[in-house]
Structures are given as C-alpha cells and as structure tokens.
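In what follows, a single structure is set out as structure tokens and then discussed.
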Number of protein chains: 2
Amino acid sequence: MASENLTERQPDQTLGQLAYDSIRADILKGHFAPGSPLRLQALKERYGFSFSPLREALNRLQSEQLVVSYAARGFRVTEISTEEMWDAIDTRILIDCEAFRRSIRRGDDDWEGRVMGTFHALSRAFERNLELGAEVTEEQVHQLEDRHRAFHHALVSESGSNWMKVFSTQLYNQTQRYRWPYFSTRGGNVFLKKSYLAEHREIAERAVARDEEAAVALMAKGFRRTGEIIESLLKGEDETDRGT
Amino acid sequence: MASENLTERQPDQTLGQLAYDSIRADILKGHFAPGSPLRLQALKERYGFSFSPLREALNRLQSEQLVVSYAARGFRVTEISTEEMWDAIDTRILIDCEAFRRSIRRGDDDWEGRVMGTFHALSRAFERNLELGAEVTEEQVHQLEDRHRAFHHALVSESGSNWMKVFSTQLYNQTQRYRWPYFSTRGGNVFLKKSYLAEHREIAERAVARDEEAAVALMAKGFRRTGEIIESLLKGEDETDRGT
DNA sequence: AAAGCGCAGATTTTCGAAATAATGGGCGAA
DNA sequence: TTCGCCCATTATTTCGAAAATCTGCGCTTT
C-alpha cells in the first residue's frame with residue numbers, strides 16, 4: 001500500500017493533474033482525433049480515474065483551447081483546419097519571435113549552452129530516426145518530439161516574460177497537433193526533413209552569435225515553411241480520401 | 001419550479017459556467033484580493049454551489065492565470081506586483097497592437113460604427129462618473145469598466161485571429177485587476193482622468209481615419225501611461241502603509 | 001408522407017460523503 | 001528554552017450515486 005503511493009504518485013501530483021497531463025498528451029499524440037467526443041465513461045475506463053479529476057482536467061484543457069465544451073453535451077477535442085493552423089502559426093510568430101529576440105539580448109552563457117545542448121540532442125534523435133526510416137519505434141518518435149519541444153523552449157526561455165512563456169507553450173501545443181502527422185510519418189520526404197534540421201541548426205548558430213535579426217527572421221521563416229508543408233500534406237490527404 | 005429554471009438558469013448555462021463567471025468577476029472586482037486563499041467552504045457559502053462546479057471553475061481560472069493552485073493545498077488568487085503588471089502590459093502591447101493594426105486594415109463600416117459607438121458610450125459613463133465624484137455608485141463604476149472593456153474589444157475585434165482574441169481577453173482581465181483601484185477611486189486626479197479619456201478619443205479617431213501607425217502608437221502609449229500611473233499609485237500605497 | 005410528441009436509454013452535471021493530505025498546537029526529549 | 005514528533009482539526013481531493021439533461025426512436029396526428 002505504502003509502496004504504491006511512492007511509486008504511483010509523485011509528490012505534489014494529484015489525480016487531477018495526472019489526468020490533465022495524460023489527456024493532453026493523448027490529444028497531442030493524436031490518440032483522440034480532432035473533433036472526436038471525449039466521453040467520461042470512456043476516459044474513466046482508459047485512465048482509471050473517476051469523473052471528478054477527469055472533468056477538472058477537461059476544464060483546464062478547455063481554457064487552453066485543446067478541448068471545447070458544449071453545455072450539458074460534454075467535451076470534444078478542438079477541430080483542426082488550415083485556417084486555424086495559420087492563425088496559430090501567425091500568432092506564434094508574433095509571440096515566439098519577440099520572446100526569442102529578448103532571449104538573444106538577455107541570455108547569458110548558460111542560455112547559449114542550453115540552446116546548443118538541446119539542439120545537439122535534437123539533431124541526434126533526428127538523424128537516428130531518419131536512418132531507421134520505417135523501423136523507428138513510437139517511443140523514438142516521442143523522444144524526437146520531446147527534444148524538438150525542448151529546443152524551441154530553450155530558444156525563448158530567457159525572454160524574462162512569464163506571459164510570453166505561457167502563450168508560447170499554448171501555441172506550441174496547438175501547432176504540435178498539426179506537426180505530428182509530419183514527424184510521425186514513417187516514410188516522409190527525406191530531403192525535406194534534412195533541410196528542416198538544417199534550418200534549426202542555422203537558428204541555433206545565429207542565436208549564439210547574437211545575430212538578432214537573422215535569427216528571428218529564420219525562426220519566422222521556419223514556422224511558415226512548416227505551415228506550408230503541413231498544408232500541402234493535409235490537402236494531399238484530402239485528395240487521397242476522395243480517391244478511395 | 002419551472003419559473004425558477006427560467007429566471008435563475010439561462011439556457012446552456014451550467015453551474016460550472018456560472019461559478020466560473022461569478023468567481024472571475026469577483027476576482028476582477030477585487031472582492032477576492034490578490035494572494036488571498038479561495039477556500040471551497042467559503043465559496044460554497046457565497047455562491048451556493050457544491051464543490052464540483054466550484055473546482056471546475058477554479059481549474060479554468062488556473063489555466064488563465066487568475067488563480068494558482070497548490071497540490072492538496074487549494075487555490076489562491078494570483079498575486080500582483082509591479083513586475084507582473086509590466087509583463088502583462090508589454091505582452092498586451094505586442095498582442096493588442098498587432099490585432100488593432102489588422103482590424104484597421106480589415107474592418108468595414110460596421111467595425112467603424114462599433115468603435116465610435118462604444119467610445120461614445122464609454123465617454124458618457126466616464127463624464128457622468130467624473131461629475132458625480134464621490135457620489136458615484138458601485139453599479140456606475142461597474143458600468144464604466146464594462147464600457148471600457150467593450151471599447152477595447154471593439155478596437156481589436158476585426159483582427160481575424162482567434163488566438164489573438166483569446167490572449168487579448170486574458171491580458172485585459174489581468175490588467176483590469178491593476179486598473180480597478182484607479183477607476184474605482186472616488187477621488188482620483190480629475191485632470192489625469194480627463195486626459196485618459198482624451199487619449200481614448202484620439203485612438204478611436206485615428207482608427208476610423210485608418211491612420212494605422214498613429215493609432216497603434218497611441219494605443220501602445222496609452223497602455224504604458226496607464227502602467228506608470230498605476231505604478232506610482234501602488235508605490236504611494238506602500239508608503240502610506242509604511243507611514244501608518 | 002411529414003411533422004410533432006413523448007418516452008426509454010445514454011450521458012452529463014451536481015451533490016454529499018468518504019478518503020486523503022496539510023496544519024497547528026501540545027507534549028516530551030535534548 | 002528549543003527542537004522535533006504526534007495527534008486532533010481542518011481543508012482538499014476523490015468517489016459513487018442521484019438528479020438533470022440530451023438523443024434517438026417509434027408512435028400518433030394531420
């Protein structure tokens with residue numbers, strides 16, 4: 001009994017928090033598809049919590065726009081669309097580029113170290129997954145996504161603004177929902193992926209060189225380019241669907 | 001029985017939603033002071049709801065940074081500080097000015113009408129409260145705040161970006177907590193207040209004249225000036241506290 | 001046949017209480 | 001006296017079930 005507490009539940013970790021983390025991860029992973037209903041009974045069976053912590057988690061996710069609620073008709077995963085994606089990307093350019101700019105100005109050696117360190121880890125995972133090709137495991141795809149997040153977080157981590165951090169995280173989560181099908185694709189365009197990594201390297205290099213304008217411009221360009229890739233991917237899927 | 005339902009509960013209004021609206025309003029009003037604990041028993045007595053809808057509301061407010069939660073130690077109203085205020089103002093300048101710029105570009109006649117209309121309503125309430133001086137009722141102070149919100153909302157309402165709208169609203173709420181002691185002050189500096197209104201008039205005029213640069217610059221300046229006024233007010237209070 | 005009505009089943013929302021965790025005060029040991 | 005421990009109290013968190021609400025189907029009526 002006591003050991004259960006120690007292993008299963010971290011300090012400061014309520015079931016509500018756990019439910020929030022789990023559901024959010026499952027939404028970002030795409031386990032719950034955009035637009036699909038989140039039925040309490042189903043969530044209860046999946047996670048083993050009762051309604052209360054689940055509802056608390058859903059209410060938090062609602063405030064973060066990952067979930068929408070309809071009065072007395074429950075919750076659904078927020079829909080995705082090209083328009084929504086571009087809105088998220090445009091707003092992310094606004095927030096993250098400003099936070100990045102400030103970080104370049106304010107960041108110290110330690111920050112530079114985090115930028116290069118997280119980039120290195122990202123590139124390792126990236127290249128490894130690229131080599132593995134279709135052999136890559138789910139776990140390895142997750143690690144790549146985690147390191148991608150860590151890198152982008154490091155870039156903007158010294159903005160000195162709590163609000164930008166909050167908004168940046170929210171928008172990262174939102175855009176991850178779109179990025180996922182791209183990263184997780186077993187096949188994918190190897191050439192595109194390599195240039196994606198090269199872009200990130202350039203951003204990291206310009207950042208530690210304190211080349212504010214170039215670094216920020218590259219970041220904005222990268223966000224837009226990713227958007228374009230996803231857009232064409234989504235369109236391709238639509239056509240495939242129509243074809244079958 | 002049926003009439004109770006009709007009067008007390010709007011369609012599509014759950015107790016959770018009602019609790020959310022009520023607690024948020026009470027936080028913004030300052031009824032729950034920054035840093036003060038939000039005990040469930042106390043909230044239950046105040047609003048008459050049971051724990052579940054109250055906790056749902058608190059979880060949503062937590063995601064919006066109006067409330068902080070400590071695992072197994074409940075919720076508190078988020079603290080205020082000069083640093084936090086400037087962070088909120090700076091971020092608001094970033095978001096709202098961009099949203100304003102887009103609205104000036106995209107807004108049609110209807111938008112112009114809303115800008116002028118909400119400004120007119122704001123100025124009426126403003127002048128009325130100024131005349132009333134110390135005689136002004138709580139209700140009238142609320143009306144002024146509501147119209148102030150409506151005006152600022154109108155300015156950025158045609159940005160076409162849902163994310164900017166969400167963030168803008170969040171930051172408006174946050175900054176309202178700081179603005180409140182200023183607006184609600186019975187006495188206050190009449191000269192300052194008049195120039196505050198004049199600034200808003202200028203913004204509205206530049207907006208409908210589609211003078212993007214001037215309008216946006218005025219908005220940013222207004223945000224900063226408000227921040228400076230609040231800052232001096234807060235410092236004054238500190239000194240008063242020390243003096244007594 | 002189409003539209004309206006009402007009922008049965010499914011689902012969400014809300015409640016009250018049990019379980020769990022934090023707090024503060026008193027007591028004993030160093 | 002001061003520190004640390006234990007226990008009673010208080011508050012939060014979680015649960016299971018009751019209440020309220022929605023959904024879809026079949027029936028009746030026009």
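Any value given below was found using the heavy atoms of this structure, including those in side chains, with hydrogens, waters and symmetry copies removed. To find a chain, count down the sequence lines: A is the first, B the second, and so on, and within it residues start at 1.
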> Can a side chain N or O of Arg55(B) be found less than 4.0 Å away from OP1 or OP2 on dT13(D)?
Replying inline: yes

>> Check the phosphate of dT14(D) against Ser52(A), side-chain N and O only, distance under 4.0 Å to OP1 or OP2. Yes or no?
In response: no

Checking contacts here: which listed nucleotide ([options]) is nearest the side-chain heavy atoms of [X]?
{"X": "Ala72(A)", "options": "dT13(D), dG16(D), dC22(D)", "value": "dC22(D)"}
{"X": "Pro53(B)", "options": "dT14(C), dC22(D), dT14(D)", "value": "dT14(C)"}
{"X": "Ser50(B)", "options": "dG16(D), dC15(D), dC15(C)", "value": "dC15(C)"}
{"X": "Phe75(B)", "options": "dT23(C), dT14(C), dT13(D)", "value": "dT13(D)"}

To the nearest angstrom, how far is [X] atom [atom1] from [N] atom [atom2]?
{"X": "Arg60(A)", "N": "dT13(D)", "atom1": "CZ", "atom2": "P", "value": "11 Å"}
{"X": "Arg73(B)", "N": "dT14(D)", "atom1": "CZ", "atom2": "P", "value": "15 Å"}
{"X": "Gln41(A)", "N": "dC15(D)", "atom1": "CD", "atom2": "C1'", "value": "14 Å"}
{"X": "Leu54(B)", "N": "dA11(D)", "atom1": "CG", "atom2": "P", "value": "15 Å"}
{"X": "Leu40(B)", "N": "dA11(D)", "atom1": "CG", "atom2": "P", "value": "10 Å"}
{"X": "Gln62(B)", "N": "dT12(D)", "atom1": "CD", "atom2": "P", "value": "14 Å"}
{"X": "Phe51(A)", "N": "dA10(C)", "atom1": "CZ", "atom2": "P", "value": "14 Å"}
{"X": "Tyr70(A)", "N": "dT11(C)", "atom1": "OH", "atom2": "C1'", "value": "16 Å"}

> What closest approach, in Å, do Leu38(B) and Leu58(B) show between heavy atoms, and which atom pair accounts for it?
Replying inline: CD1-CD2, 3.9 Å

> What are the two closest heavy atoms between Phe49(A) and Leu54(A), and how far apart are they?
Replying inline: O-CD1, 3.8 Å

>> Do Arg179(A) and Tyr172(A) form a cation-pi contact, if we require the NZ or CZ to be under 6.0 Å from the six-membered ring centre and within 45 degrees of the ring's axis?
In response: yes

> Under the side chain to side chain contact (heavy atoms under 4.5 Å, CB included) criterion, do Glu231(B) and Met85(B) qualify, and how do the steps go?
Replying inline: CA-CA 9 Å; Glu231(B) 185 169 14; Met85(B) 181 189 74; 4.3 Å; yes

> Which is it for Thr137(A) and Gln140(A) under the side-chain hydrogen bond (donor to acceptor under 3.5 Å, both in side chains) test, yes or no, and what are the steps along the way?
Replying inline: CA-CA 5 Å; Thr137(A) 67; Gln140(A) 287 168 321; 3.2 Å; yes

